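Here the structure comes first, spelled out in structure tokens, and everything after it is commentary.
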Amino acid sequence: MIKVTNASKHFGSFTALNNMNAEIAEGSIYGLIGSNGAGKSTFLRLITGIYQAEGGSVEIDGEPLWNNPKAKKKFLYVPDELFFLPGSNMNRMAKMYKTYYPDFDDERYKILTERFGLDPKAGISTFSKGMKRQAATILALSCKPQYLFFDETFDGLDPVMRKLVKDEIMEDVKERKITVVITSHSLRELEDVCDQLTLLHKGGVIFESDVMNLKTALFKVQVAFGEDFGQEKFEGIEMLSFKKQGRVASFIVRGERESVIEKINAMNPLLVDVLHLSLEEVFVYEMEALGYAFKDVLM
Amino acid sequence: MKWFSLRLYKEALKQSRAVAIGLTVVSVLISSIVPAIYLVQDRKLNESVSFLGVNSLTTGLAYIAILFPVVLIVRLFGFLFKRSSSDFYHALPYTRQSIYFSNFLAVLTWSIAGLVVSIGLPSILYGINSHRYFKPFFILNNFAVGAVVTLFAAGAMLVAVSVMGRMMLSIELAAFIVCLPRAILLVSAAIVSDLTGVININHIPVLSPRYNLPFILIFGGVFDPMGVPYAYTSAACILTSLAIAVIYIALGCFLFCIRRSETAETAAPDRRVQAVIRTVYSLIFFFLAVGMAMIEEDGFSVAVFIVLGLAVYFLYELITTRKLKNMLKIIPGLGIIAIICVVYFFTVRFAADSVLGFTPDGEDIESVEMVSLEDDWSYYYGEPMDYNNMMCNNIRVSDSEINKLVADALMKTTEKVKQGDSSFYEYTPYEVRINTKDGKSKIRQIQFEDSEYAKFDELLMKQKEYHDATYAVPEDAIVIEFTVKEYNENIWKQFLSEYKALSDSEKDAVLSSPYSYYDTYYSDDGPDADVGKFISINISGYYKSQLYQKVYTVPARLMPKTFDLYNEYHYKMNIDKLNRAIDIFKSLGAGENDVESVGISIDGSTDEYQLMCDLDFYEYMFEDGLQYRLYSSCGNAYQTPEEDENMTGETATDGDAAPNIGGIASDSVAEPDGEDEYYDAYYENDRALNKEDADKLFDMMIGVLETDHKAESGKPTAEINFSYYNNDYYNHGSLVLNIDEEAFNELAALLAKEYR
């Protein structure tokens, strides 16, 4: 488990992270979203020991991370700006990774290289941006760490490769119960792979929730009655939004679906319709409830 | 906590291998090209042995020892300069200390390997060259010096890369770390030295530039040539530099461990560090301005240094931050510089006053020692020391009369300085170490008046150890006169045995050499006519790894056996070569030899003529067959003034005054071209000479020489110089031989009358 408690990070007068708290459970895929400059990369650098937190603590499996090889041995970090040895190819990089990470699996490396269709002997400088990301991902997965951190890694991949990477990650999570932290500024990227999502804005956590919970906790109801009605009719039902046009109303409800529908049905409506919300819609409503405009946070 | 990882170390070795190999190739070229050239050249020239100074074994050692760590650290620590690589390495599962030392040891491994090759190869090349001599200990010593310089440069570079965010700024900072502290000390010491006139900056322990090996090795040739070989063999200098290196390496580790990854690609980690660097870079100029003001130089010098300091201060900020508005923000920092300069002023003043305040009485002095009796010319050109000066150095002398004399002279010298007495500059200072009874030991430059110094010298000579050192001769020296080892050994043995029997005044005659290192003089009319005929013997050797030299005068009257033995060997060495030169000439043109040129000159006189004549013959193969090219330098042959009606009114006693009456001309195409006066002067008297005439003249010259006879007293003699040269070797020599007086006069007459 990764535990971040009241961690802050400043760069001169700029606050990148402000008293951040986070708990990332083992065997989960943790998504971190936010706009540019929200603090995603800074957070990752804190939990990989690149930055030292100013105040607070950052621990992995109960061990402080800073300058602690025992803790750092457990993870592999694939940053946004990738690093390769000048003039190297993938095989050379694999040797280097093997030196630094003794658990490096040559067999897995070979399989992944073939699966991704990369030439391990070609110079990495000849690769495209997407191919470089694939190469970095292959090397990271081959190290078989307990924790994997990806900083906007998917953003440069085509849909086919993105799916391939996600499949590989999920396979590792399933088989070895690894923990993955992925950052992105795109909800759609993380929607179908993450267990937990956290929304960062200006160095602080705005919103954090289990994805399944998010998807099921809120739903949209459309209802029509023969007589006129107002929001007060639905007292006892937690609503995040209520709109009415004529005799048809639609509202966003937080709650247990069956009991809410049962309550509404007891009012003898002419029409009751339950609609699922997309994750983006869920986020919009949740943030509105918190007082943020979605476009200000994620655009 | 782990401080080293074998995995990291191996990976670092791998990553830097190509660079290290490239550096090794470059350094081998730098260090080996000179000995390789000497090896080829010495074989051709076939001169006697010459000695290498300890600092001459490895050419460019300082640069090699600095190049390796700087380039390799840029290679292995260059990850600090880019965000992507910085993040990568800081995320690795290793402690920062482990990354630091593993990479550092990889740098050191390649650097040491490079040093081994760069020192080993020239050692081999010199070792197989029988004409060059050095002590095997020098190899170890060079290696030690190289290793310390490497560590020093590495430490400075590691501090720099740990602080700065860009490569070029790091290299610049490292250079300043290596040089600036010592430069500031040097400037400060120079100011104190100038203010007091009684201290030599090169002899201040620890603070002297000699105690910073990279600094003295790179810059010593400019201001302290003798300091370079001194630093090589001084344990104090080496150990001081090593200590500084270790401090830098430790400091580098500390800074590396606290360095923030986000420093990559920035000028400096924060504004405070930026301010410190900017201030330090400019300080030396401000200190110089303070110094100039203190030694009352004109205001222009002071202003120049202030302007330079300000320029460095502002330009550094502008270049590193690229923000013009910062120029205003940093102005308050000049206030700090002003305060530092005020403190500096008082510190230097205090130091100068302390120096001038050291004027112990004679009874407070326990002993004195003469220090650094280097000849002026040897000091400035870094030449080997005189052996006896070396032996007299640092002999501790305890004598109340000497102590009083030194104390009085020091007091007088100091008073002159305090009063600004300009006669201060009229006397030659002597450096004396003064050891007081309360444990102080100071070196002071003391001025003695002539009578005082004569008394001082007289008292010193009464001290047995000093006396013995003055007249000491090195038993294990090597004579560098002949190319035959046995001759040199025998000469020296003979010299030593005759020298020991001489009185002090006779030894004085032997030890005072009137001519330069390269002269061998053989004449009845020496500059010191009392000694009569004499020759000079050059010796060289090492004393505690310091190279010394000495030229001894060997008067025939005082050391007859050595004199005769020398001449016997000289004759043996040269007569065969002379005969060969004659044979070569006779066979020129017949394609029987591979010699390109042969030359013979005669410099002698009879009652009737004085003659100086050179005949040089060059043989070149041209497409249409053999041709001879004859060239001559100026020849003077003249009769006594009464008999030569062509003489000008000047007396023909000196070569310069005598007109060039006879010249053997060249049939070459060379003509005065107006480019070089010196060479054009030769061509002015050129005339065509065919082979027949050349042969005739050569036969006449050979006829002059009684080549079977050595010079004997009472008969006319001439000095014969000769040489012959081809692509593979060059041989030359000289002899003094008796001449056939009749043949000589005939040749001189011919030259005087027919070849004008």
Side-chain angles (χ1 to χ4, degrees), chain A residues 9-14 16 41-42 44-54 60 63 65-88 92-104 132 136 139-140 143 145-149 151, chain B residues 1-19 74-76 78-100 102-103 106 165 253-254 256-272 274 321:
Chain A
K9 182 68 183 172
H10 305 273
F11 298 106
S13 55
F14 174 72
S41 299
T42 304
L44 278 185
R45 288 187 176 115
L46 271 185
I47 64 171
T48 51
I50 295 170
Y51 291 167
Q52 187 176 22
E54 290 145 20
I60 195 166
E63 294 241 25
L65 250 157
W66 177 252
N67 212 26
N68 184 354
K70 194 174 157 204
K72 285 177 156 187
K73 221 179 272 193
K74 298 182 183 184
F75 64 78
L76 221 299
Y77 172 43
V78 181
D80 184 25
E81 279 180 57
L82 299 169
F83 167 71
F84 298 103
L85 284 175
S88 62
R92 175 65 184 100
M93 288 304 298
K95 279 185 190 154
M96 190 179 89
Y97 270 74
K98 194 168 178 177
T99 304
Y100 295 146
Y101 300 95
D103 290 339
F104 188 89
K132 285 180 184 173
L139 290 165
C143 289
Q146 207 44 45
Y147 296 85
L148 266 172
F149 306 130
D151 191 1
Chain B
M1 172 174 294
K2 268 192 100 177
W3 293 79
F4 173 77
S5 160
L6 190 59
R7 286 174 169 270
L8 283 179
Y9 170 72
K10 282 183 182 171
E11 177 62 28
L13 283 177
K14 219 188 283 182
Q15 285 185 20
S16 50
R17 181 173 49 208
V19 170
V74 166
R75 179 71 187 89
L76 288 177
F79 67 82
L80 293 168
F81 303 133
K82 256 192 113 179
R83 285 304 298 272
S84 57
S85 51
S86 180
D87 287 353
F88 177 85
Y89 277 92
H90 285 124
L92 288 178
Y94 297 92
T95 60
R96 288 201 171 194
Q97 292 85 344
S98 185
I99 294 172
Y100 179 85
S102 305
N103 280 3
C253 179
F254 171 73
F256 181 84
C257 292
I258 65 170
R259 179 190 169 94
R260 299 177 185 190
S261 183
E262 60 266 31
T263 304
E265 298 173 20
T266 61
D270 62 31
R271 295 293 301 160
R272 287 167 296 179
Q274 178 84 351
T321 63

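Per chain, numbering begins at 1; letters A, B, ... match sequence-line order. Just so you know, these numbers use all the heavy atoms, side chains as well, and skip hydrogens, waters and symmetry mates. For clarity, every value in this text was computed on a predicted model and none was experimentally measured.
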| task | Measure Tyr89(B) against the heavy atoms of chain A and call it side chain, backbone, both or neither at under 4.5 Å. | result | side chain

| Most chain B-contacting option - heavy-atom pairs closer than 4.5 Å, from Leu65(A), Asn67(A), Thr48(A) | Asn67(A)

Could you tell me which portion of [X] (side chain, backbone, both or neither) has an atom closer than 4.5 angstrom to a non-hydrogen atom of chain B?
X	answer
Leu82(A)	backbone
Tyr51(A)	side chain
Phe84(A)	neither
Lys9(A)	side chain
Phe149(A)	neither

| said: I need the residue from Ala91(B), Ser261(B), Ser86(B) with the largest number of non-hydrogen atom pairs under 4.5 Å to chain A. | reply: Ala91(B)

Mind listing the side-chain donor-acceptor pairs of residues 73-81 of chain A below 3.5 Å, one per line with the distance, residues two or more places apart or on another chain?
from     : atom 1 : to        : atom 2 : distance (Å)
Lys74(A) : NZ     : Asp61(A)  : OD2    : 3.1
Asp80(A) : OD1    : Arg133(A) : NH2    : 2.8

Working to the nearest 0.5 angstrom, can you tell me the gap between [X] [atom1] and [Y] [atom2]?
X	Y	atom1	atom2	value
Leu85(A)	Glu11(B)	CG	CD	6.5 Å
Lys14(B)	Lys95(A)	NZ	NZ	6.0 Å
Leu8(B)	Tyr100(A)	CG	OH	6.0 Å

| task | Carefully, step by step, assess Arg92(A) and Gln15(B) under the rule side-chain contact (heavy atoms from CB on, under 4.5 Å). | result | CA-CA 10 Å; Arg92(A) 175 65 184 100; Gln15(B) 285 185 20; 3.6 Å; yes

| request: Inspect the surroundings of CZ in Phe254(B) and state if more than 12 heavy atoms from other residues, nucleotides or ligands are less than 6.0 Å away. | output: no

| task | Indicate the atoms forming the closest heavy-atom contact of Pro69(A) with Pro93(B), along with that distance. | result | CB-O, 3.3 Å

| task | Identify the two heavy atoms, one from Cys257(B) and one from Trp66(A), that lie closest to each other, and give their separation to 0.1 Å. | result |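 Heavy atoms of Cys257(B) and Trp66(A) come nearest at O-CZ2, 4.2 Å.
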
Would you say the side-chain atoms of [X] pair up with the backbone N or O of [Y], donor to acceptor, closer than 3.5 Å?
X	Y	value
Asp87(B)	Ile50(A)	no
Lys72(A)	Thr95(B)	no
Arg7(B)	Lys98(A)	yes

| query | Hey, what's the ring geometry for Phe88(B) with Phe83(A), parallel, tilted or perpendicular (30° and 60° as the breaks)? | reply | tilted

